[in-house]
Structure formats: C-alpha cells, structure tokens
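Since the structure comes first, as structure tokens, the remarks are kept for the end.
Bear in mind that the values here come from a model prediction, so they are computed numbers and not experimental data. Here is the naming used below: chain letters follow the sequence lines, and residue numbers restart at 1 for every chain.
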Amino acid sequence: MASNFTPGRLAAGLALAVLSAAPACAQDLLQQLNHLATDSLRREYVEATFKGTRVINGHSIETPGAGSLVFLISHRFGTLNSGAYEFFGLDQATIRLGLEYGLTDRLAVGVGRSSLEKTFDGFLKYKLLRQSTGVGALPISVTLLATSALSSLKFVAPPERSTTSRFTYTYQALLARKISPSLSVQLMPTLLHRNYVDLSRDQNNVYALGGAVRQKLTKRLALTGEYYYLLPGATADDFRNALAVGFDIETGGHVFQLHFTNAQGMIEKFFIPQTTGNFFKGDIFFGFNISRAFQLHSKP
Amino acid sequence: MNRIIILAGLLSWLAVGPALGQTKYFTRTGTISFFSATPFEDIEARNQQVGAAVDVQSGQVAFTVPMKEFKFPKSLMQVHFNENYVESEKYPKATFTGHLVGFESVQLVSSGPRQVQVEGDLTIHGVTRHVRVPGTLEKQGNRLLVNSKFAVASADYNIEIPALVRSHVAKTVDVTVALACEPIP
C-alpha cells in the first residue's frame with residue numbers, strides 16, 4: 001500500500017503519527033523531528049565552487065556577493081627562460097588592476113586596466129543557474145560572462161585607429177560542478193570577437209573551449225589548473241593554447257593565487273587568442289592574483 | 001494522499017487515546033543566532049530554519065539545526081563559515097538531544113516564563129559534548145515559547161580558527177535560541 005504513494009509525504013504522515021504516539025527518549029524524538037523537519041525538501045545552493053572570481057587567468061563561476069566590492073591585483077612577471085640577466089623574468093612585469101562589485105548575489109559588474117597594450121576592460125557577469133540540492137536540485141552551475149576590452153595604445157603608424165576598431169568582445173558560458181567539497185571542475189565555451197585584426201588571415205571571431213579544475217589540498221589551500229583550447233582555424237595555427245597551473249591560498253578576506261602560465265595577458269582578449277609561449281620550453285610566466293573583498297552594504 | 005496522512009495521524013491518536021492531551025510541541029522555523037564579539041569586529045549570524053520538539057510530559061527536548069541556513073551580513077563570511085569553519089557539507093546539521101532537569105508538566109499551567117535547565121548532548125561539527133544550559137518555557141495560548149542563551153567555545157567542537165583571523169573571531173560565541181512551538185497533532 002505504501003509504495004503506491006509519494007514516499008516523502010507518506011513518511012511525513014507516518015512520522016507525525018509516531019511523534020504523536022510514542023513517549024520515547026530524546027534520541028527518538030530527534031529522529032522523529034528529522035522526519036518532520038523535511039530537510040530533504042529544502043533547496044540548498046552549493047557554495048564556494050571556486051575560491052575566487054578567477055580560476056587563474058579566466059573567470060570562474062563565482063561572483064562577489066551582494067554589496068561586496070572586490071579589489072583584484074593581478075601580476076605576471078617575464079618568462080622563466082629569459083635567463084639570469086632578466087632575473088628569470090622578475091625584472092619585467094605586467095599588471096592588471098580591477099574592481100568587481102556584486103549588485104545582487106547573482107549579478108556582478110567589473111572594470112579593469114591592464115598595462116599590456118594599455119587596455120581598459122569591463123564586464124557583466126550573471127549567475128544563471130546555481131548547483132543545488134533538495135527540491136529542484138541542479139547538478140551544475142552556469143554563469144554567463146560578457147566582457148569588452150579597449151586598447152588605448154597610441155598607434156604611431158597611420159592610419160590612426162578609430163575607437164570602434166580598438167574593441168574586443170568576449171562571451172563565455174561558464175559551466176561548473178562542485179563534485180565533492182574539495183574537487184570542482186568547470187567548462188568554458190568561448191566566443192571572442194575582434195573588431196579589427198591586422199592581417200586578412202587573422203580571424204575576427206575566435207572560438208575556444210576552456211577547461212578548469214580545482215582540488216583543495218587543505219581547507220585554505222587548493223591546487224588549480226586551467227586550459228583554453230582554440231578551435232581549429234588560423235588563430236589555432238598561429239598561436240598556442242593557454243595553459244596555467246597554480247595554488248589558491250585563502251586568508252580571511254584575501255585570496256592569493258600564485259601560478260605559472262604560458263600566457264602573459266590577464267584578460268580574455270590576450271590569453272585566449274594571443275598566447276605565444278611554449279609552456280614546455282620554459283616560456284612560463286610566474287604570476288599572482290591578490291583579491292581583497294570589502295562589504296559595502298550589508299545583505300538584507 | 002492527504003487522507004492517508006490524516007488517517008494515519010488519527011489512528012495513532014485514537015490508539016494512544018485522548019488522555020495524553022497535548023504534550024508535544026514542535027516547530028521547524030525556530031530561530032538560533034550567534035554573536036562573536038572582538039575589539040576588531042562583531043559578527044552575527046541568524047538561522048530561522050531550526051527544527052525543535054519539546055515533550056512537556058516526559059521532559060524530552062530535541063533540536064536539529066541546518067548549518068547552511070545561518071545568514072551573515074557579509075557574503076564572504078557566510079561562505080567561509082560553511083566552507084572553512086563548520087564544514088557544512090561534511091556536517092550539515094547541528095543537533096541537541098536532552099531533557100529538562102527536574103521538570104514536571106504541571107508547572108506549565110501557571111503563566112509567565114519559567115526558568116528551566118536543559119541537560120543533554122550537543123553535536124556541532126561532528127563533535128558531541130554533554131552540556132547543561134539554562135532557558136525559559138512559557139505557555140502562550142496553545143503555543144509553547146522556548147528561550148535560551150548560552151555560550152559555545154569553538155575549540156570544544158574542533159572548529160579551528162587560524163592565527164591570522166584570531167583577533168577577529170571570538171573564542172566563545174553567544175548563542176541565542178528563540179522558538180514558538182505548536183502542539184502536535
């Protein structure tokens with residue numbers, strides 16, 4: 001008879017029956033309470049799939065929470081194989097300074113400035129779906145990202161570039177799953193559009209598929225990896241896929257990310273279609289991201 | 001479907017008989033908040049999804065607290081609380097099972113809050129400790145109001161506070177419990 005009915009509701013009914021009947025010990029009372037409290041019906045969102053808003057070079061599904069402002073300093077030194085004269089890359093550095101703000105728990109905006117090609121960038125990021133358990137459980141999270149980048153470099157050789165020609169846009173769907181409390185994976189299908197390219201051979205639209213992984217080693221230390229695969233085309237023929245490995249170290253309001261990558265730029269426009277370094281021949285840029293969160297408005 | 005539930009409830013109620021009356025009280029929307037005070041930072045979190053049952057006949061008390069329902073004013077704090085401190089995915093619930101010390105149900109007839117002591121096992125972060133805490137019970141209409149205030153030391157429950165934030169997180173947090181329980185059935 002029981003099997004003909006929704007198990008949850010029947011269980012609730014039976015638990016109610018048991019609770020009203022048996023004058024049992026406190027442990028039994030707790031068990032009955034657990035049946036009644038219908039915890040399995042409560043929807044819970046999976047939190048902290050990644051520690052920061054970036055995996056390494058690229059974005060993770062995470063956004064700053066509502067009212068939270070994140071100041072992000074990203075640094076890449078020169079290549080390790082540049083030799084002792086360049087102090088193995090530490091003599092050179094490129095930097096990006098960024099600010100990100102959570103308008104809601106799901107929608108974030110950000111701006112940044114890279115020293116590489118004197119580039120300004122801005123982005124909108126929205127958590128479309130959130131991995132959850134309980135009622136309406138979802139196995140994955142999906143975050144949508146749209147970025148634009150404007151190179152403000154002076155071009156000495158004519159013709160002088162129009163403003164429009166200086167823009168590059170990136171669109172990403174970030175799909176992630178926190179498989180266990182320590183292991184998270186992410187896939188990043190990407191479309192990058194450049195308004196202007198130098199040669200007719202170069203592609204205005206570049207397609208790439210990224211993959212990333214985060215494995216926690218301790219509560220506050222994690223190993224990360226990120227790879228962007230360029231789909232076949234002229235860009236894939238002329239450039240290399242971006243590879244990065246690193247560590248996330250968390251200390252209260254800060255996240256430190258230390259990493260090694262063959263890409264020098266810290267925004268999509270650089271590391272996806274313009275990576276030239278061969279990771280396995282020592283064209284490795286050591287770098288770090290430091291993020292600091294400030295809560296500007298308390299959550300309601 | 002609903003009929004089955006009602007029938008099951010009715011049958012069991014009939015089986016025990018109406019003599020027992022309303023001795024068990026229950027809520028699933030109780031409130032527990034905690035407060036950590038240090039010279040650097042005050043941290044407060046509130047949980048309004050606390051499940052609790054009190055049997056005023058036998059004096060038995062049970063709590064179940066879904067840890068992920070603690071809401072913090074700062075987003076990052078909430079993430080850290082769940083991920084680094086209480087490890088909510090590993091230990092999703094805190095529980096308490098115990099009994100009212102030297103309590104008889106007749107005492108509840110009189111109005112106004114009544115001081116009681118509760119003794120039992122408190123489980124947080126997978127660690128169970130025997131505790132005794134003060135509280136009050138009050139009959140209001142057909143509801144039972146439960147209030148309690150006590151201190152919990154995070155070290156007692158193997159909740160580690162790293163050196164870097166030790167000046168921002170109190171060693172002992174003040175826990176406040178406020179419930180309005182309905183009679184069952």
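- Neither the backbone nor the side chain of B:His99 has a heavy atom closer than 4.5 Å to any heavy atom of chain A.
- The aromatic ring centres of B:Phe72 and B:His80 sit 6.0 Å or more apart.
- By the 30° and 60° cut-offs, the orientation of the rings of A:Phe77 relative to A:His75 is tilted.
- With a 6.0 Å cutoff to the six-membered ring centre and a 45° limit on the axis angle, A:Arg292 counts as a cation-pi contact of A:Phe294.
- At least one cation-pi condition fails for A:Arg220 and A:Phe247: the charged atom is not both under 6.0 angstrom from the six-membered ring centre and inside a 45 degree cone around its axis.
- Contacts of residues 161-175 of chain B with chain A at a heavy-atom distance below 4.5 Å involve B:Pro162, B:Leu164, B:Val165, listed in sequence order.
- Annotation: ring-ring contact (aromatic ring centres under 6.0 Å, His included) contacts involving residues 113-164 of chain B, sequence neighbours excluded, comprise B:Tyr91-B:His125.
- Residue A:Glu47 touches chain B through both its backbone and its side chain, counting heavy-atom pairs closer than 4.5 Å.
- For the atom pair B:Lys71 NZ and B:Gln49 CD, the distance stands at 8.0 Å (nearest 0.5 Å).
- For B:Asn84, the parts sitting under 4.5 Å from any heavy atom of chain A are the backbone and the side chain alike.
- Salt bridge A:Glu100/A:Arg54: present, at least one basic N to carboxylate O contact under 4.0 Å.
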